[in-house]
Amino acid sequence: MDKRTEELTNLRNIGIMAHIDAGKTTTTERILFYTGMIHKAMNIDDGATQMDWMEEERERGITIVSAATTTHWKHNDIDYTINIIDTPGHVDFTVEVERSLRVLDGAVAVFCAKGGVEPQSETVWRQADTYHVPRIAYVNKMDIMGADFYRVVAMISERLGANPLPIQLPIGKESDFEGLVDLIEMKAYYYVDEKGVDVEVRDIPDDMKDICTQYHDKMLEAVSDYDENVMEKYLSGVDPEEGELKRAIRAACLKGDLIPVVCGSSFRNKGVQKVLDAVCDYLPSPLDVPHVEGTAPKTGETVTREASDSEPFTALAFKIQQDPNFGKLAYTRVYAGTLKKGSYVYNPGKGKRERVSRVLRMHANDRSDLDEVRTGDIVGLVGLKEVSTGDTLCAENKPIVLESMVFAEPVISVAIEAKTKAGEEKMIAALLKLSDEDPTFKFKTDEETGQTIISGMGELHLEIIVDRMLREFKVEANVGRPQVAYKESITQLAHEEYRYVKQTGGKGQFAHIIFDIEPNDPGAGYSFENKVVGGNIPKEFAEAANQGMQEALESGVLAGYPTLDVKVTLIDGTTHEVDSSEMSFKTAGAMGMREALMKAGPVLMEPIFKIEIIVPEEYFGSVQGDFMQRRGKIDGIEVRNGAQVLTGTVPLAEMFEYTTALRGRTQGRGTHTMQFSHYERVPQNIADRLLGKR
């Protein structure tokens with residue numbers, strides 16, 4: 001194996017992902033401490049962690065933006081390089097997880113030993129499934145009251161439909177948690193000192209021998225399908241060698257068939273080194289994942305790039321950050337090839353060639369200069385003015401467009417205005433930069449009222465945006481009450497024949513189209529099918545009509561909200577040899593669509609959120625009654641660690657300032673988490689009231 005192949009084999013690009021409060025950032029801090037990147041591991045409560053570097057993150061004790069860092073770990077005498085992205089757990093910042101998973105090769109899913117699989121754990125797990133990211137599960141917080149390793153393993157299986165494979169078992173739990181048993185080595189690891197540096201390897205304690213043997217045998221049975229040697233030895237009752245066993249587990253993990261499960265307590269410095277060992281042993285290198293595929297911009301043919309420095313440069317800008325020192329900073333994952341600082345990259349999506357002035361190795365908010373980037377690297381590029389999130393960067397002579405990233409639409413809006421006249425321009429400049437950074441944050445000017453409206457994924461999301469405007473851009477703003485981002489849709493088929501004729505002096509305008517519109521599947525968006533035969537409408541005119549129709553859907557016929565899930569079939573039409581043009585067909589498409597929408601039973605749609613509410617039993621009746629009054633639908637009620645857990649769905653419109661209301665009903669002991677689920681038709685009586693207001 002040549003030196004470069006060896007370096008790639010020993011490279012890991014991983015994300016740390018979990019529900020809020022499962023301990024992602026603390027785990028990352030401990031990883032940096034044990035790998036020698038920092039000399040003192042800080043905690044969220046100290047407000048001084050490396051990865052939560054924004055003031056807003058330190059004040060609130062949550063991760064808001066994903067932070068990247070590079071570290072090194074020696075395992076079995078091999079030096080591994082690990083690029084880590086610590087992602088947020090709060091649902092309002094789910095875009096940060098989405099775009100990180102898009103470029104990562106593997107992930108560590110952190111679960112709280114008490115909470116287990118929580119709502120946002122499910123969301124990030126499904127996102128990882130979408131991108132086929134192999135992962136290991138780390139059951140953290142084994143030291144807290146209510147910790148139960150075995151229950152969490154069962155929840156991973158039941159709730160996530162995954163196949164968890166414990167490769168460690170905890171020794172003790174809660175305040176008696178002392179260490180762990182490694183089921184591959186069949187040895188016990190005790191963490192003796194407070195920093196977790198002094199580790200003693202002993203025999204398995206007598207009271208755990210039976211359960212460890214039982215789980216060791218289960219593990220052999222599960223992985224024997226992935227390695228012939230392991231299967232032979234398992235069937236003949238011989239224990240396989242450690243290396244064979246790890247290879248079999250790795251093969252199953254890379255396929256996504258098995259999820260190796262480890263345990264520990266990051267806060268108490270127990271078990272983190274074994275998490276790092278598992279990352280090196282089981283998660284993929286850039287050479288283990290499928291070759292990246294894209295399309296050739298001109299021909300649309302599929303193009304493949306291998307993970308090799310000799311391939312043409314191919315990379316994806318997965319995150320844009322406004323940096324006070326460098327301006328626009330593009331977090332970039334390199335899939336193939338190399339790039340020297342000062343050289344040019346091509347952005348096929350924008351058709352732009354731009355110069356990379358600097359290449360930076362990221363460490364949260366700190367960075368160091370590099371002369372060159374190579375395959376597998378995750379770096380920051382400086383100097384690209386036109387780049388956006390999800391853009392491909394490549395060699396100009398060998399262009400490729402990688403699959404772009406799709407982001408959720410905002411569900412909540414507020415009106416915002418600068419406190420001073422002078423602050424207005426600064427505010428718009430700040431909003432432009434913030435929307436450039438975050439694809440789920442949008443802003444626009446309401447044409448009727450002249451107000452600036454900002455939209456995002458939740459109340460906290462918009463609160464942070466306003467906070468950042470003040471701190472980073474020195475813009476003071478007044479903020480209105482939150483408004484739900486309603487949409488419109490249709491309920492029935494409508495047939496439309498629209499003729500657009502305009503005669504002015506000289507050349508006129510003529511377009512005639514016949515089309516049907518009908519409801520599309522929920523969540524399917526807009527689709528257009530051209531069934532015109534015999535060349536009655538040339539393709540470019542049909543495409544112009546399609547564009548006009550799409551533009552008309554941006555502002556619905558009931559109350560001006562965007563219209564969702566419409567299927568269009570263009571059936572026929574006629575043209576005029578002189579007066580027809582793309583412009584006239586685009587206008588006909590827009591006007592015809594508005595006419596058709598009126599006939600298609602337009603309705604108002606509202607965002608529905610999935611919710612989980614956790615309350616002590618004595619308050620449950622009051623909380624449940626209040627939930628039903630908010631038009632909530634209950635999916636299930638269960639008892640978890642002595643508390644009642646209600647799961648269900650509820651319209652966002654009924655849930656503003658719910659945190660305060662829930663605290664009031666439960667003397668501060670109730671908690672809830674919400675995440676966007678889908679759009680649903682607004683009940684007629686409420687729709688009438690809303691439309692009456694408009």
Side-chain angles (χ1 to χ4, degrees), residues 1-15 68 70 81-83 85 98-107 128 130-134 254-256 283-320 330-341 343-356 359 361 370-381 384 386-406:
M1 191 190 296
D2 64 58
K3 186 172 184 295
R4 183 61 186 130
T5 308
E6 192 178 334
E7 284 173 353
L8 277 171
T9 303
N10 302 333
L11 174 64
R12 301 287 178 271
N13 286 318
I14 64 160
T70 301
T81 299
I82 306 175
N83 290 322
I85 298 184
E98 182 88 28
R99 58 182 168 192
S100 301
L101 285 171
R102 169 73 170 79
V103 298
L104 292 170
D105 300 328
T130 302
Y131 294 116
H132 308 293
V133 177
L254 294 186
K255 279 186 166 177
L283 290 182
S285 77
L287 299 175
D288 293 316
V289 294
H291 300 323
V292 69
E293 281 191 352
T295 50
K298 284 183 180 160
T299 62
E301 285 172 28
T302 301
V303 186
T304 305
R305 294 272 191 271
E306 288 180 29
S308 164
D309 290 354
S310 58
E311 289 269 306
F313 180 72
T314 305
L316 187 83
F318 65 95
K319 175 182 160 93
I320 305 300
Y331 282 72
T332 305
R333 160 73 198 259
V334 182
Y335 287 102
T338 62
L339 178 78
K340 284 188 162 59
K341 74 171 184 188
S343 55
Y344 285 84
V345 291
Y346 181 61
N347 180 338
K350 305 268 191 334
K352 297 276 184 189
R353 177 174 177 260
E354 293 195 89
R355 183 173 173 270
V356 175
V359 176
R361 167 81 68 219
L370 295 172
D371 291 329
E372 182 182 41
V373 285
R374 302 194 292 176
T375 303
D377 284 347
I378 292 178
V379 292
L381 301 183
L384 306 175
E386 303 283 339
V387 69
S388 308
T389 300
D391 280 358
T392 303
L393 302 172
C394 61
E396 194 171 7
N397 60 342
K398 292 281 172 116
I400 181 174
V401 179
L402 302 178
E403 185 190 346
S404 65
M405 301 158 81
V406 180

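Computation of the quantities below employed the complete heavy-atom set of this structure, encompassing side-chain atoms and omitting hydrogens, waters and symmetry-equivalent molecules.
- What you find for Val334 and Phe313 is that their closest heavy atoms are CG1-CE1, 3.8 Å.
- Of all heavy-atom pairs between Val303 and Arg305, the closest is CG1-NH1, 3.2 Å.
- Listed here is the closest heavy atom pair of Cys394 and Pro399: SG-CA, 3.7 Å.
- Proximity of a side-chain donor or acceptor of Arg12 to a complementary backbone N or O of Leu283 within less than 3.5 Å is detected.
- Partners of His132 under the side-chain contact (heavy atoms from CB on, under 4.5 Å) rule, at least two apart in sequence or in another chain, do not exist in this structure.
- Within the model, atoms OG1 of Thr304 and CD1 of Ile400 stand 7.5 Å from one another, a figure rounded to the nearest 0.5 Å.
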Quick one, Asn397 with Tyr346, criterion side-chain contact (heavy atoms from CB on, under 4.5 Å). Give me CA distance, side-chain angles, the key distance, then yes/no.
CA-CA 9 Å; Asn397 60 342; Tyr346 181 61; over 6 Å; no
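- Partners of Asn347 by side-chain contact (heavy atoms from CB on, under 4.5 Å), not counting sequence neighbours, listed by chain and number: Lys350, Val387, Asp391, Leu393.
- Taking the side chain as every heavy atom from C-beta outward, Glu372 and Leu339 never approach each other to under 4.5 Å.
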Dump the intermediate steps for side-chain contact (heavy atoms from CB on, under 4.5 Å) on Thr392 and Leu316, then the final yes or no.
CA-CA 5 Å; Thr392 303; Leu316 187 83; 4.3 Å; yes
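- Here the side chain of Glu311 pairs a donor or acceptor atom with the backbone of Glu306 at under 3.5 angstrom.
- Atom CD1 in Ile320 sits 7.0 Å away from atom OG1 in Thr332 (nearest 0.5 Å).
- With hydrogens and angles ignored, the 3.5 Å screen pairs a side-chain donor or acceptor of Asp309 with a backbone N or O of Thr375.
- The CZ atom of Arg353 lies 10.5 Å from the CZ atom of Arg355; values are rounded to the nearest 0.5 Å.
- Taking both residues in full, the closest heavy atoms of Pro286 and Asn13 are given as CG-ND2, 4.2 Å, listed atom of the first, atom of the second, then distance.
- For Arg333, the side chain to side chain donor-acceptor pair (under 3.5 Å) partners two or more places apart in sequence, or in a different chain, are Asp105.
- Note: Arg374 CZ to Leu8 CG = 8.0 Å, rounded to the nearest 0.5 Å.
- Residues His291 and Ala307 share a closest heavy-atom pair of ND1-N, 4.1 Å.
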Begin with the C-alpha distance, continue with both residues' side-chain angles, and end with the deciding distance and a verdict on side-chain contact (heavy atoms from CB on, under 4.5 Å) for Ile378 and Phe318.
CA-CA 10 Å; Ile378 292 178; Phe318 65 95; 4.1 Å; yes
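- Salt-bridge check for Lys3 with Glu6: failed, with every basic side-chain N at 4.0 Å or more from each acidic carboxylate O.
- Note that CG of Leu381 and NZ of Lys341 are 13.0 Å apart. Values are rounded to the nearest 0.5 Å.
- Looking only at side-chain heavy atoms (C-beta outward), Tyr335 and Leu402 come within less than 4.5 Å of each other.
- Here Glu386 contributes atom CD and Lys352 contributes atom NZ; the two are 4.5 Å apart, rounded to the nearest 0.5 Å.
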Apply the test side-chain contact (heavy atoms from CB on, under 4.5 Å) to residues Val356 and Leu384: give CA-CA distance (whole Å), side-chain angles for both, the deciding distance (0.1 Å), then the verdict.
CA-CA 6 Å; Val356 175; Leu384 306 175; 4.0 Å; yes
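- For the pair Val401 and Pro297, the minimum side-chain heavy-atom distance is below 4.5 Å.
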